[in-house]
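Order of the sequence lines sets the chain letters (A, B, ...), proteins ahead of strands, with each chain counted from 1.
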Protein chains: 4
Amino acid sequence: MTDRIPAAILGATGMVGQRFIQLLEHHPLFRIGAVLASARSAGKTYAEATNWVLDTPMPASVHAMVLLEPDALPPCEWVFSALPGSLAGPVETRLAADGHLVCSNASAHRMDPLVPLIIPEVNGDHLEILPRQRQVKGWEGTLITAPNCTTTVLALALKPLHDAFRIESMHAVSMQGLSGAGYPGVPALDIIDNILPYIKGEEEKLVDETRKLLGTVGANGIAAAAFAASAQCNRVPVREGHFICANIRFARKPSVDEVIAALERFEAPAVAGLPSAPPRPVLVTRDPARPQPRLDRAAGGGMSVTVGRVQRSGTADIRLVALGHNTLRGAAGGALLNGEWLLKVLKA
Amino acid sequence: MTDRIPAAILGATGMVGQRFIQLLEHHPLFRIGAVLASARSAGKTYAEATNWVLDTPMPASVHAMVLLEPDALPPCEWVFSALPGSLAGPVETRLAADGHLVCSNASAHRMDPLVPLIIPEVNGDHLEILPRQRQVKGWEGTLITAPNCTTTVLALALKPLHDAFRIESMHAVSMQGLSGAGYPGVPALDIIDNILPYIKGEEEKLVDETRKLLGTVGANGIAAAAFAASAQCNRVPVREGHFICANIRFARKPSVDEVIAALERFEAPAVAGLPSAPPRPVLVTRDPARPQPRLDRAAGGGMSVTVGRVQRSGTADIRLVALGHNTLRGAAGGALLNGEWLLKVLKA
Amino acid sequence: MTDRIPAAILGATGMVGQRFIQLLEHHPLFRIGAVLASARSAGKTYAEATNWVLDTPMPASVHAMVLLEPDALPPCEWVFSALPGSLAGPVETRLAADGHLVCSNASAHRMDPLVPLIIPEVNGDHLEILPRQRQVKGWEGTLITAPNCTTTVLALALKPLHDAFRIESMHAVSMQGLSGAGYPGVPALDIIDNILPYIKGEEEKLVDETRKLLGTVGANGIAAAAFAASAQCNRVPVREGHFICANIRFARKPSVDEVIAALERFEAPAVAGLPSAPPRPVLVTRDPARPQPRLDRAAGGGMSVTVGRVQRSGTADIRLVALGHNTLRGAAGGALLNGEWLLKVLKA
Amino acid sequence: MTDRIPAAILGATGMVGQRFIQLLEHHPLFRIGAVLASARSAGKTYAEATNWVLDTPMPASVHAMVLLEPDALPPCEWVFSALPGSLAGPVETRLAADGHLVCSNASAHRMDPLVPLIIPEVNGDHLEILPRQRQVKGWEGTLITAPNCTTTVLALALKPLHDAFRIESMHAVSMQGLSGAGYPGVPALDIIDNILPYIKGEEEKLVDETRKLLGTVGANGIAAAAFAASAQCNRVPVREGHFICANIRFARKPSVDEVIAALERFEAPAVAGLPSAPPRPVLVTRDPARPQPRLDRAAGGGMSVTVGRVQRSGTADIRLVALGHNTLRGAAGGALLNGEWLLKVLKA
């Protein structure tokens, strides 16, 4: 692995940044080229500045790496960004303008019609917009984004159904794990024996990003799919895993068996061979008591979404439950897979 | 309180039975006349046979009461039944036939068109069917039932909206507390850091019972309301409180403010004065972060439902969140309020 | 209650401050005279500045009270302090010097030999030091302190045993509830499915404060009891309640029955009539499965400590478990009871 | 791995049985030769009869294996027993008598002086008693046992300290994970937001088994070590991992550094190469906030114990915290390592 491509990690000390570190340690294509953090942490070693919260130990290789300020990026062409949405905007723009290939997990640019919002198995072809992105923006480099964690889980489940039966209307209710709020995130006193019915901005993101992911590339950018959508998003006392109940109306009325068949047929051969891609993007369970966060979030190395409880709905056509890992597929793992996909497309 | 009416408690040692014991201790109209349990426990004292799980101590008055077998009911006219649904059927039928006034929390008879399924503030007038019940069934006594715990919370929230705007379609996703599964109920290993997407029979009950509660009394029994309905029911790591996300389409299209106004206007004066009735059956919160099980389940002594997050829906007209206490309003408290209501109606 | 004494609350917006507000709302002797907070919150109303986290609603009477800066204390003679230990030192000194009667829950002055560290039922007589406090310190007013939350629970359990059998050695292992860390306190990701073996300063406080509480008033101040002591303090996923396993060696070797008898005999008649005092400071349970935080923390209105599992120890004489409510008896309730006691002593 | 030794699993459907299945799937020395369960399950396939609760999927190789009754053991010489203690006694005796090599995790025979209670790194030499066991008992086969889960964690931490400094007195307070109670085990309503201070028989086992493990082989069987010991055992809301606070007095007074050095030096070269043996039986952490169940239970593949917070004790010499995985090292993993060790000794 001596020829691995160095990549800089923006926001390296946070929870998503830690996942990038964890995932890149033994990655076959990329290695950690630099770790960046806020001015407050810059100059410290990664081990000094980081409250490591993952279950696996901090990789020895990053202990002594010195954190750089965002302005001090070394000549790493590739950048993975785990910055908070509120900080990512101008930093990522500047890096893309300066020639970097930025794969971001931040929300700042997700809804820009010239910035692809990508799940490779869902809309890997949206990278077609990149030449136009560079032209219109005048950037030397490029910027692609990964969706919100809840959106990622939902969109993977919906993609084969939209292709096969065309969604007309989709209502989603989420029960989201705690790691989705980052660290320190949710106080224990707020969530043990409780549910929080409000996650700022989440319901809007789930609706808007899902429609963009299932949309199409047009002359002026990416056009969102036009179906009706609504969402109710909740935080629950679960460590990891986002669980979504969806109620869906389709243009072409499928049976339960046809829905299951479409989900089981779903594959993305060009993506499946990438290092972070799971064997299958969506798994289907017929066990009425599944999916469950604890038992199913790690499916496919945390990169597969599990769909279950596919049933007829008395108010739409089909109701189902989708579950995925929010900090693997839904954050660092998703952004890393985007990087692998971009690398493959650029080389092609 | 010397003239309180003695009432027998069926299934007195279980979790709902314990709530009956707790609520009747200082009740102004009823007192505990007898405690009944399975043959296995009969002959033991209540204290010997009961694994008391409530946060308040077991009332001293029941410690030494001897548990009777279901067949050995003393001449208590009034009976509150906390039997499991699978056992309640023939027992409750026989008691009603023999002249008892049975207020049941069990599911066995809920969907019988001649047995009122009652929430007094929602459909207290369904007691009109009782003369016909006795006539057709040939019973000396009578039987009324309280709904499933989740249904109770939902139906209270929907009642004023159905009256004002007529529901055409309603989809509900529940997150249900652990006490709803009784004791011992859900193993800790199954639910800590987890969600269970399946509660046997719950989705059907939530749909069917809600429509019956919002239905009307006809010549041949109670006719369910005709709107489309569907449900997805889940168990979450919350001790008490059932939390429901609902997405609703109405015949008459209300604004968010009109929905809130209808909820805030909702009252049932004939019921409000009963001992177990809360000042208001439904409370509305405008705090975007409410309702929460921990903060709101005890509202109105556990007998009020709290509705919040009333918003426009992109797929229906209105989405909202409703929360209520599942073992108070949703079980023993609800059945006890039914008894108070039946007593008032019989006296009138 | 028109003649209630106004009292200022320092640190009124935090978790302990909220408990003061809650407890003073219907208090017969004191009322809320002023609410103080940091400069950042000063000028806002209490409702604006406070993230209310208690299960009961914020009292209406404080909603509109304007928060004052610590320097802007109005002429309230009585002050209850819920300041963080790191801020309390100079503020409380100045207030005591200026003539206020300060009942503090903060750690800053607890170990000062001229400042009584008080649990009224344990060492109410330590107020004898107050004349000397005023003389040596040159204060117009006075300052008394309440112990650390874990210490309070332990010291109440140990007091009758030390009196009866004289402790020679005491080892305590605590399992402490989350509210003891304040709000926001412990991140949910740190504690769900976990134990934290370290609470800064807690092991030292538990040892030092317990010995001071069981000590005696001497010419130069309060002298700590001399027994050997050690502690291991842990945070566990429990909302409220501090649970302590203690292993104790005595000078006079008691039997298990003698220990139970001494605990059951324990009373403090001069204190028992005060508004915040429970009927009995210590309750003893013989149920081998008790005490449990959920079932026993509210005993005596949260002001009684429950002791159970009193058994012979293979390494000392007696081992037992003690449990108490950390934000009631262990914080605001304890400091308020101190105020009631000081008021009674001053009036006597 | 065609020559792997077939082994029968007794109690194969329970939680410890599932761990045996999981661990044997890819084991280099043993394979699953037969699965046994109670008469109620016998005749069903493993997949039909088992409520699989582990996070990894049930191995495909056992799905279709038919469960046998305990009496129907096929000619598998090796047997791993995960029977409940109450059932294991006569079954295991009969199997050993009939020529089987029984490695048991059950408590039934642990305290028999002729039955080795083994942790290979602690007292692997206790197998010396086996010839005498066969002679006195008249068995064709043999029986060895693994300790209680909590004892295993404690004894590994104590072994190097007893060797180096000789323990005179040891008091342990445990906080035990839920999986230790098996499945269904502890009801969620009993443990969420709670601690249970009582685990039947656990305090006695922890004292008695620890002393036997640190004892010596004599003419008439294994003689327990003679130090004073006591224990207080508690269940806490943690999924997996047993956490122990210990307070220890030694004959030779070590410094904190000497204790840490003895722990760090601890190794068992003859054992370390076995398939289930971790690189080091005990790991030491100097991080004051460790060990934590969530972060440290999986150390060494769940087979290493982590010791931390080594400090001077005000009541003994040293206090420390030890943590280990209760269903890996403390149950199936420990019994499997015992099998590997017995195999090695028999071959030598």
Side-chain angles (χ1 to χ4, degrees), chain A residues 168-175 177-178 189-200 203 207 227-241 243-249 285 287-297 308-309 311-316 319-321 323, chain B residues 168-175 177-178 189-200 203 207 227-241 243-249 285 287-297 308-309 311-316 319-321 323:
Chain A
E168 284 186 348
S169 166
M170 190 281 309
H171 179 69
V173 174
S174 72
M175 302 171 213
L178 294 160
L189 285 170
D190 280 349
I191 196 67
I192 288 182
D193 187 22
N194 205 18
I195 299 168
L196 302 176
Y198 179 57
I199 303 171
K200 194 171 179 332
E203 295 174 348
V207 165
F227 56 80
S230 57
Q232 295 176 289
C233 292
N234 306 282
R235 187 78 63 196
V236 294
V238 167
R239 297 187 59 86
E240 302 242 40
F243 177 104
I244 304 166
C245 289
N247 193 39
I248 315 167
R249 206 174 65 240
T285 174
D287 182 337
R290 305 282 281 271
Q292 296 178 20
R294 191 177 64 80
L295 296 176
D296 296 302
R297 61 192 165 203
R309 297 195 63 71
Q311 293 179 276
R312 298 213 58 76
S313 166
T315 53
R319 55 191 164 98
L320 54 79
V321 173
L323 173 89
Chain B
E168 284 187 347
S169 166
M170 189 281 310
H171 180 69
V173 174
S174 73
M175 302 172 213
L178 295 159
L189 284 170
D190 280 349
I191 196 67
I192 289 182
D193 187 21
N194 206 18
I195 300 167
L196 301 176
Y198 178 56
I199 303 171
K200 195 171 178 332
E203 295 174 348
V207 164
F227 55 81
S230 56
Q232 296 175 290
C233 292
N234 306 283
R235 187 78 64 197
V236 293
V238 167
R239 296 188 60 86
E240 302 241 41
F243 177 104
I244 304 166
C245 290
N247 192 39
I248 315 166
R249 205 175 64 239
T285 174
D287 182 337
R290 304 284 281 270
Q292 296 178 19
R294 191 175 66 79
L295 296 175
D296 296 303
R297 60 193 166 201
R309 298 197 60 73
Q311 294 180 275
R312 298 212 58 76
S313 166
T315 54
R319 55 190 164 100
L320 54 79
V321 174
L323 174 89

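- Among B:Ala289, B:Ser313, B:Gly177, the residue with the largest count of heavy-atom pairs under 4.5 Å with chain A is B:Ala289.
- Ranked by heavy-atom pairs under 4.5 Å with chain B, the first of A:Asn247, A:Leu295, A:Val173 is A:Asn247.
- In this structure, chain B has a heavy atom under 4.5 Å from the backbone of A:Leu320, while its side chain stays farther away.
- If you take OG on B:Ser230 and NE2 on A:His171, they are separated by 9.5 Å, rounding to the nearest 0.5 Å.
- Of the two parts of A:Ala246, only the backbone, made up of N, CA, C and O, holds a non-hydrogen atom closer than 4.5 Å to a non-hydrogen atom of chain B.
- Between A:Pro197 and B:Pro291 the shortest heavy-atom distance is CG-O, 3.3 Å.
- Separating the OG1 atom in A:Thr315 from the CD1 atom in B:Ile248 is a distance of 11.5 Å, to the nearest 0.5 Å.
- Of the listed residues (B:Leu196, B:Val207, B:Val238, B:Ile192), the one with the most heavy-atom contacts under 4.5 Å to chain A is B:Val238.
- Looking at A:Ala316, neither its backbone nor its side chain comes within 4.5 Å of chain B, counting heavy atoms on both sides.
- When heavy atoms are compared at a cutoff of 4.5 Å, A:Arg309 approaches chain B solely by way of its side chain, counted from C-beta outward.
- For the side chain to side chain contact (heavy atoms under 4.5 Å, CB included) test with B:Gln292, the passing option among A:Asn234, A:Ile191, A:Asn194 is A:Asn194; the others fail.
- Residue A:Glu203 touches chain B through its side chain alone, counting heavy-atom pairs closer than 4.5 Å.
- Between chain B and the residues A:Gly241, A:Ser169, A:Pro237, the most heavy-atom pairs under 4.5 angstrom are made by A:Pro237.
- Each of B:Arg294, B:Arg297, B:Arg239 was compared with A:Asp193 under the side chain to side chain donor-acceptor pair (under 3.5 Å) criterion, and only B:Arg297 meets it.
- Of all heavy-atom pairs between B:Ala228 and A:Gly314, the closest is CB-O, 3.4 Å.
- Contacts between A:Arg290 and chain B at a heavy-atom distance below 4.5 Å involve the backbone alone (N, CA, C, O).
- Note that CG of B:Asp296 is 11.5 Å distant from CD1 of A:Ile195, once rounded to the nearest 0.5 Å.
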